[in-house]
Number of protein chains: 2
Amino acid sequence: MKVTKEVSFKNEKIARYARALSHPVRIFVLDLLSNQACCYSGDLSDELPVAKSTLSQHLKELKAAGLIQGEIEGPKIKYCLVRERWEEVQDMFKEFLRI
Amino acid sequence: MKVTKEVSFKNEKIARYARALSHPVRIFVLDLLSNQACCYSGDLSDELPVAKSTLSQHLKELKAAGLIQGEIEGPKIKYCLVRERWEEVQDMFKEFLRI
DNA sequence: CATACTGTTCGTATTTTTGCGAACAAAGGT
DNA sequence: ACCTTTGTTCGCAAAAATACGAACAGTATG
């Protein structure tokens, strides 16, 4: 029952990010966004075999994790990576995985 | 509804690994093992505020993900990282996160 | 052999995640 | 104004994850 608060805090943070990455649909979205600046939910809907409400939920989770953000653009919504958070994920995994 | 099989297969694989990392206890265990060759479940039990049955379940999941293995040693069980799998995780995350 | 130690499995309860269709809301075009 | 397009939220159901204590199994030690 030791585990300092800092360590457990960090572990919880990594675990939360890992949880955000723990579904193929979310991996797909993040992979796309880390490649191409932004996308529309429709683009994703065309490519992913899930109901649009389901996709919307996954996007909501990614938003909740702070990894993406949506911007209203006409009738559509443009999604982008939150670069700052993405870099944090990169750094945390880099440290955790020692790579 | 496109998404080639290879991509979805890879995404599922990353998602599965991310899922294995998606709990603070499991992060703690992996972090410890990536530092110190091996450990005993008792070492973990002393440091983590969970019932031993709960810890055992987390270890079982890490085993199921292929990330650790246990070896009976007297009355105890010695856990080690499965280096080969750990390297695969490193490589997959490295590629996914572009780091 | 009896007892202590270590760790897993079982049974159970609770919570969280996942998924879908239907209903809803906002914006644009006609 | 009306309809279409786009995407979210709601309500629900099913599945999975999390956690615990109790019971169990194996090994060692007295």
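Order of the sequence lines fixes the chain letters, A, B, ..., with proteins taken first and strands second; residue numbering starts at 1 for each chain.
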Evaluate the ring planes of B:Phe96 and A:Trp86, with Trp represented by its six-membered ring, and classify them as parallel (under 30°), tilted (30 to 60°) or perpendicular (over 60°).
-> perpendicular
Beyond-backbone contact of A:Val29 with A:His23, side-chain heavy atoms, under 4.5 angstrom = no
Given C:dG7, D:dC20, C:dT8, which nucleotide is nearest the side-chain atoms of B:Tyr40?
-> C:dG7
Which is true for A:Thr54 with a 4.0 Å heavy-atom rule: it touches a base, it touches only sugar-phosphate, or it touches nothing?
-> base
Heavy atoms under 4.0 Å, any strand shown: does A:Ser56 hit a base, just sugar-phosphate, or nothing?
-> base
Rounded interatomic separation in angstrom, taking NE2 from A:His23 and P from C:dT17 | 12 Å
Considering only heavy atoms, which members of residues 60-82 of chain A lie under 4.0 Å from some atom of DNA chain C?
-> A:Glu61, A:Gly74, A:Pro75
Toward the 5' end of DNA chain C, which comes first, A:Val25 or B:Gln57, by nearest nucleotide?
-> B:Gln57
Does B:Ser41 get its side chain close enough to the base of C:dG7, under 3.5 Å, for a donor-acceptor pair?
-> no
Is there a donor-acceptor pair under 3.5 Å between the side chain of B:Arg26 and the backbone N or O of B:Arg19?
-> yes
Using whole Å, report how far NZ of B:Lys52 lies from P of C:dC10.
-> 16 Å
Does the B:Ser34 side chain pair with the main chain of B:Leu30, one donor and one acceptor, at a distance under 3.5 Å?
-> yes
If only atom types and distance count, is the side chain of A:Glu12 paired as donor or acceptor with the main-chain N or O of B:Pro24 below 3.5 Å?
-> no
Report, as yes or no, whether the 6.0 Å neighbourhood of atom CD on A:Glu95 holds more than 12 heavy atoms from other residues, nucleotides or ligands.
-> no
Any B:His58 side-chain nitrogen or oxygen under 4.0 Å from OP1 or OP2 of D:dA17 = no
Decide if atom CD of A:Glu73 counts as having more than 12 heavy atoms of other residues, nucleotides or ligands within a radius under 6.0 Å.
-> yes
Side chain of B:Arg19 only, please: which of C:dT18, C:dT9, D:dG7 is the nearest?
-> C:dT18
Can you check the A:Asp43 CG to D:dT5 P distance for me, whole Å?
-> 17 Å
For the side chain of B:Ser53, counting heavy atoms from C-beta on, which of D:dA22, C:dG7, C:dC20 is nearest?
-> D:dA22
For the pair made of CG in B:Leu55 and P in C:dT9, what is the distance, rounded to whole Å?
-> 13 Å
